[in-house]
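Working notes, beginning with the structure itself.
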Amino acid sequence: MGMVADDLSPLAIKSGLKTRFVGQRVSYYPRLSSTMEVAREEVQQGAPEGTVVIADEQSAGKGRLNRVWLSPKGSVSLSIVLYPSMVYLPSLIMVASLAVVHAIKAVTGLRAQIKWPNDVLVNGKKVCGILIESGVRASSVDYAIIGIGINVNLKVSDFTDILPAATSLSDEVGRDVSRLELLRRLLVEVENSYLSLPQGEAVYREWRDKLITLGRKVHVSSGEAIYEGIAESVASDGSLLLRSLDGSLSQISAGDVSLCDLNRG
Ligand code: BTN
């Protein structure tokens, strides 16, 4: 590793951290299966809101739609435990992806964009994946876990599986980036954005405006169904409004789809 601060110990993360609760309790592992699993166990043991589980490496990182998420050394893998009320649950993808965009900008100067619903891209390539899990009973939320995986200091060309759609921050800026600085900034951004949700639609509007997807031709697969058309807009619950070639409009929930391609054809 280069000359940048890279110690992700709880002490280094928490020292002087300007948050009320996000990151005030940290479980750090050099290597574990998945931070989502460990965070769920912590929830069962009564973890306070804002608890962070972080790992240098995951052996069984989980991606969306049961995909595997590669989390080698040099990446950052974390899960954040929250207890939101039901109305804010759909906003968590917006909170998380915007926080990542802001933290990347602050620490590297890079301008990241969001591919609906919550991939973060730099120069058109994926640099971060986000996974939200929640436990919902009747009409109340037991817990929500935001999982964030960022390719920070890795040479993506070493990982042929994820080429050519992926990149890393170090590949984009041409030097190592402090994972510690990035992480601490990210925790502050997540908390600020999360706490601002009751004040109105600012988070939704900023997320919508940072989506590169709108106005473009997309393929969306949702379970068995495949939609094709122009991504017209997004609703404040995060769902995508897709105009098909026959003129009909479909509303597709962010929870159960993957975007196959932005502008194939
Ligand atoms: C995606 O498919 O784009 C989402 C990837 C989410 C990866 C993160 S890394 C931290 C957390 N722990 C996991 O096992 N997955 C998420």
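Judged as a salt bridge (charged side-chain N to carboxylate O under 4.0 Å, His left out), the pairs with a partner in residues 199-208 (not counting sequence neighbours) are, in order, Glu206-Lys210.
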### Message
Between Val152 and Ser170, is the side chain to side chain contact (heavy atoms under 4.5 Å, CB included) condition met? List the steps.
### Response
CA-CA 6 Å; Val152 185; Ser170 61; over 6 Å; no
### Message
I'd like to know whether Leu154 forms a side chain to side chain contact (heavy atoms under 4.5 Å, CB included) with Phe159, so could you lay out the CA-CA distance, the side-chain angles of the two residues, the decisive distance to 0.1 Å, and finally the verdict.
### Response
CA-CA 9 Å; Leu154 33 116; Phe159 302 91; 4.2 Å; yes
### Message
Between Leu89 and Val136, is the side chain to side chain contact (heavy atoms under 4.5 Å, CB included) condition met? List the steps.
### Response
CA-CA 10 Å; Leu89 201 52; Val136 176; 3.9 Å; yes
#### Entry: Leu249 vs Leu242, side chain to side chain contact (heavy atoms under 4.5 Å, CB included): CA-CA, chis, key distance, verdict
CA-CA 6 Å; Leu249 199 63; Leu242 189 124; 5.9 Å; no
#### Entry: From CA spacing to verdict: salt bridge (charged side-chain N to carboxylate O under 4.0 Å, His left out), Arg185, Glu181
CA-CA 6 Å; Arg185 185 61 185 240; Glu181 204 191 321; over 6 Å; no
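Hydrophobic clustering keeps Met36 apart from Val52 (ILVMFWY residues linked when any side-chain heavy atoms are closer than 4.5 Å, directly or through intermediates). Following chains of ILVMFWY side-chain contacts shorter than 4.5 Å, one can reach Ile146 starting from Ile93, so the two form part of one hydrophobic cluster. Hydrophobic clustering, with ILVMFWY side chains joined whenever heavy atoms are under 4.5 angstrom apart, groups Ile13 together with Ile150. Hydrophobic clustering, with ILVMFWY side chains joined whenever heavy atoms are under 4.5 angstrom apart, groups Tyr88 together with Val190. Taken together through direct or relayed side-chain contacts under 4.5 Å among Ile, Leu, Val, Met, Phe, Trp and Tyr, Leu17 and Phe21 form part of one hydrophobic cluster.
Contact check for Lys14 versus Val26: side-chain heavy atoms found under the 4.5 Å cut-off. Leu131 places none of its side-chain heavy atoms less than 4.5 Å from the side chain of Trp69. The closest side-chain heavy-atom distance from Leu182 to Leu180 is not below 4.5 Å. The closest side-chain heavy-atom distance from Val120 to Val101 is below 4.5 Å. Counting heavy atoms from C-beta on, the side chains of Leu78 and Leu183 come closer than 4.5 Å. Counting heavy atoms from C-beta outward, Val177 and Val107 have side chains that approach closer than 4.5 Å. Put simply, the side chain of Val95 does not reach to within 4.5 Å of the side chain of Trp207, judged on heavy atoms. A heavy-atom distance below 4.5 Å is found between the side chains of Val203 and Ser196.
Put simply, NE2 on His102 and CG on Leu186 are 11.5 Å apart, with the number rounded to the nearest 0.5 Å. The NZ atom of Lys126 sits 7.0 Å away from atom NZ of Lys115, with the distance rounded to the nearest 0.5 Å. Going from atom CG of Leu187 over to atom CD1 of Ile80 covers 5.5 Å, rounded to the nearest 0.5 Å. With rounding to the nearest 0.5 angstrom, the CD1 atom of Ile132 is 7.0 Å from the CD1 atom of Ile130.
Under the side-chain hydrogen bond (donor to acceptor under 3.5 Å, both in side chains) criterion, Gln113 pairs with no residue, sequence neighbours left out. Under the salt bridge (Lys or Arg N to Asp or Glu O under 4.0 Å) criterion, Asp237 pairs with no residue, sequence neighbours left out.
In this structure, Asp171 does not pair ionically with Lys125, as no charged nitrogen and carboxylate oxygen lie closer than 4.0 Å. Using a 4.0 Å cut-off between charged side-chain N and carboxylate O, Glu42 and Arg25 make a salt bridge.
Put simply, the side chain of Thr19 gets close to the backbone of Val22: a donor and an acceptor are under 3.5 Å apart. In this structure, Gln58 contributes its side chain and Leu32 its backbone to no donor-acceptor pair below 3.5 Å.
Between Arg40 and Lys62 the shortest heavy-atom distance is NH2-NZ, 3.6 Å. Looking at every heavy atom in both residues, Ser168 comes nearest to Val156 through N-CG2, 3.6 Å. Shown here for Tyr227 and Ser222, the closest heavy-atom pair between the two residues is CE1-CB, 3.9 Å. When all heavy atoms of Leu92 and Ala144 are compared, the pair lying nearest together is CD1-CB, 3.6 Å.
Here the rule is salt bridge (charged side-chain N to carboxylate O under 4.0 Å, His left out) with Asp56, and of Arg31, Arg179, Lys73 only Arg179 fits it. With respect to Tyr204, the side-chain contact (heavy atoms from CB on, under 4.5 Å) criterion is satisfied by exactly one of Ser91, Pro90, Ser236: Ser236.
Heavy atoms of other residues, nucleotides or ligands lying less than 6.0 angstrom from CG of Asp246 number more than 12.
Under the 3.5 Å distance criterion, with hydrogens and angles disregarded, a donor-acceptor pair is assigned to the side chains of Glu49 and Tyr194. For the 3.5 Å distance criterion, the side chains of Glu172 and Thr108 fail to qualify, holding no donor opposite an acceptor. Between Gln251 and Ser239, the side chains place a donor N or O and an acceptor N or O closer than 3.5 Å (distance only, hydrogens not considered). Using modelled atom types and a 3.5 Å distance limit, the side chains of Glu228 and Ser244 yield no donor-acceptor pair.
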